[in-house]
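Below is one structure; the comments refer to it alone.
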Amino acid sequence: MEIYHVLNRGVDKRKIYLIDRDYLRFIHNLFEFNDTEPVINVNYTFQRQTKNQSMAVGQPYIQGRRGKRLVDVLAFCLMPNHYHLLLRPRFDNAISLFMKKLNGGYAQYFNLKYDRVGTLFQGRYKSILINKEEHFAHLPYYIHLNPLDLVTPEWRQRELKNLKKATAFLESYRWSSHLDYLGKKNFPSVT
């Protein structure tokens with residue numbers, strides 16, 4: 001199957017995650033909506049975790065509940081006003097179904113929580129087919145380095161001033177699959 005880089009951002013470039021629980025909710029939705037079965041529990045709450053503890057997205061009702069996954073989430077990164085996903089569909093039309101559930105479900109949560117109405121995302125998500133090996137080799141790095149925009153945006157021009165600071169920041173940034181790639185359990189049930 002093909003692999004796609006899927007992304008979207010907030011309408012008017014607005015922030016779509018305002019507090020940690022918003023990030024957690026979206027990551028939980030990456031797990032919860034990745035299922036051919038209807039969503040059972042959209043009211044999942046997150047207990048306070050210690051710094052080094054996995055958030056255990058999908059627990060405690062993960063066992064015996066899963067239908068068939070729609071996509072394989074290969075990598076992800078959430079930024080304050082947008083997100084990046086690296087997805088492999090498991091069957092035709094799977095990405096469309098997954099993204100409809102993901103974006104619709106999160107927008108409903110966000111609008112209800114913040115007492116707002118209207119569109120949260122800037123139109124339909126963007127989906128880019130990865131059809132070159134060099135693009136695929138580069139993309140997980142690009143997705144995982146995105147948070148550097150928050151502390152050292154010059155990384156995009158290859159002018160990183162403080163590698164130690166950048167590395168420390170990436171190793172503390174919870175809202176991506178980067179830590180799981182490093183072998184540190186962060187959100188292992190998503191990827």
Side-chain angles (χ1 to χ4, degrees), residues 3-10 13-34 44 46-59 62 69-89 95 98-99 101-103 105-107 109-110 120-122 125-128 130 135-156 158 160 162-191:
I3 295 175
Y4 293 85
H5 179 199
V6 178
L7 55 149
N8 207 345
R9 70 176 170 192
K13 299 181 184 177
R14 71 164 294 138
K15 289 184 177 181
I16 55 176
Y17 315 105
L18 303 182
I19 60 174
D20 285 356
R21 287 192 180 267
D22 297 340
Y23 286 98
L24 285 170
R25 179 53 180 243
F26 192 89
I27 291 170
H28 175 71
N29 288 357
L30 283 172
F31 172 85
E32 184 68 25
F33 295 139
N34 190 8
Y44 185 81
F46 300 96
Q47 303 302 317
R48 192 149 189 80
Q49 305 288 318
T50 62
K51 183 178 179 183
N52 296 323
Q53 196 173 21
S54 168
M55 294 309 286
V57 170
Q59 304 294 339
I62 187 172
R69 279 192 322 224
L70 297 167
V71 298
D72 294 320
V73 179
L74 305 176
F76 69 89
C77 182
L78 310 184
M79 297 291 289
N81 73 345
H82 69 283
Y83 63 79
H84 293 270
L85 308 173
L86 190 58
L87 303 177
R88 179 174 43 220
I95 287 182
F98 176 64
M99 295 308 298
K101 291 168 83 173
L102 181 67
N103 282 347
Y106 184 74
Y109 153 83
F110 191 91
L120 178 62
F121 294 105
Q122 183 178 300
Y125 62 90
K126 187 174 182 180
S127 178
I128 304 159
I130 309 305
H135 192 193
F136 174 71
H138 168 76
L139 201 50
Y141 294 103
Y142 172 77
I143 289 172
H144 289 149
L145 292 176
N146 235 257
L148 289 179
D149 286 346
L150 301 172
V151 294
T152 181
E154 68 276 2
W155 77 273
R156 290 183 182 269
R158 299 175 193 241
L160 193 59
N162 188 332
L163 179 61
K164 191 174 185 178
K165 176 184 173 186
T167 302
F169 180 75
L170 288 174
E171 289 178 358
S172 69
Y173 193 78
R174 298 291 311 274
W175 316 120
S176 84
S177 54
H178 177 66
L179 293 175
D180 292 303
Y181 270 70
L182 292 178
K184 300 175 182 179
K185 286 187 177 182
N186 192 33
F187 301 107
S189 55
V190 173
T191 53

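Counting begins at 1 with the first residue of the sequence.
Within the model, atoms CD of Glu32 and OG of Ser189 stand 10.5 Å from one another, a figure rounded to the nearest 0.5 Å. Between the CD1 atom of Ile143 and the NE2 atom of His178 there is a distance of 13.0 Å, given to the nearest 0.5 Å. The NE2 atom of His84 lies 4.5 Å from the OH atom of Tyr142; values are rounded to the nearest 0.5 Å. With rounding to the nearest 0.5 Å, the separation of CG in Leu24 from CG in Leu78 is 9.5 Å. With rounding to the nearest 0.5 Å, the separation of CD1 in Ile130 from CZ in Arg88 is 12.5 Å. Interatomic distance, CZ of Arg25 versus CG of Leu30, reported as 12.0 Å (0.5 Å rounding).
Remark: Asp20 pairs with no residue by the salt bridge (Lys or Arg N to Asp or Glu O under 4.0 Å) rule, at least two apart or across chains. Residues satisfying the salt bridge (Lys or Arg N to Asp or Glu O under 4.0 Å) test with Asp22, not counting sequence neighbours, are Lys113.
Residues Gly10 and Ile16 share a closest heavy-atom pair of CA-CG2, 3.5 Å. Minimum interatomic distance between Leu170 and Leu179 (heavy atoms only, all atoms of both residues): O-CD2, 4.1 Å. Closest of all the heavy-atom pairs between His144 and Ala75 is NE2-CB, 3.9 Å. The two residues Tyr109 and Arg21 make their nearest non-hydrogen contact at OH-O, 3.7 Å. Annotation for Lys165 and Asn162: closest pair N-OD1, 2.9 Å, computed over non-hydrogen atoms.
Applying the salt bridge (charged side-chain N to carboxylate O under 4.0 Å, His left out) definition to pairs two or more places apart or across chains, none involves residues 137-148.
Side-chain contact check for His82 versus Phe121: every heavy-atom pair is 4.5 Å or farther apart. Side-chain contact between Leu86 and Tyr4 is absent, with no heavy atoms from C-beta onward closer than 4.5 Å. Here the side chains of Phe136 and Leu139 are not in contact, with every heavy-atom distance at 4.5 Å or above. Side-chain atoms of Leu150 and Phe169, non-hydrogen and from C-beta on, do get closer than 4.5 Å to each other. Using a 4.5 Å cut-off on side-chain heavy atoms (C-beta onward), Ser176 and Tyr23 make no contact.
Geometrically, Arg174 engages Phe187 in a cation-pi contact defined by less than 6.0 Å to the ring centre and at most 45° from the axis.
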Checklist entry - Run the side chain to side chain contact (heavy atoms under 4.5 Å, CB included) check on Val71 and Leu85 step by step: do they pass? => result CA-CA 11 Å; Val71 298; Leu85 308 173; over 6 Å; no
Next on the checklist: Run Met99 and Leu87 through side chain to side chain contact (heavy atoms under 4.5 Å, CB included) and show every step you take.
Outcome noted: CA-CA 11 Å; Met99 295 308 298; Leu87 303 177; 4.2 Å; yes
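No more than 12 heavy atoms of other residues, nucleotides or ligands sit less than 6.0 Å from atom OH of Tyr141.
Not one N or O on the side chain of Thr152 forms a donor-acceptor pair closer than 3.5 Å with the backbone of Leu148. Side chain of Asp72 to backbone of Leu74: no donor-acceptor contact under 3.5 angstrom is found. Looking only at distances, no side-chain donor or acceptor of Asn81 sits under 3.5 Å from a matching main-chain atom of Arg9. At least one donor-acceptor pair under 3.5 Å links the side chain of Asp180 to the backbone N or O of Asn186.
Side-chain N/O atoms of Tyr173 and Asn146 include no donor and acceptor closer than 3.5 Å.
Remark: aromatic rings of Tyr106 and Tyr17 are close, center separation under 6.0 Å.
No option in Tyr125, Phe76, Phe26, Trp175 other than Phe26 meets the ring pair (Phe, Tyr, Trp, His ring centres under 6.0 Å) test with Tyr83.
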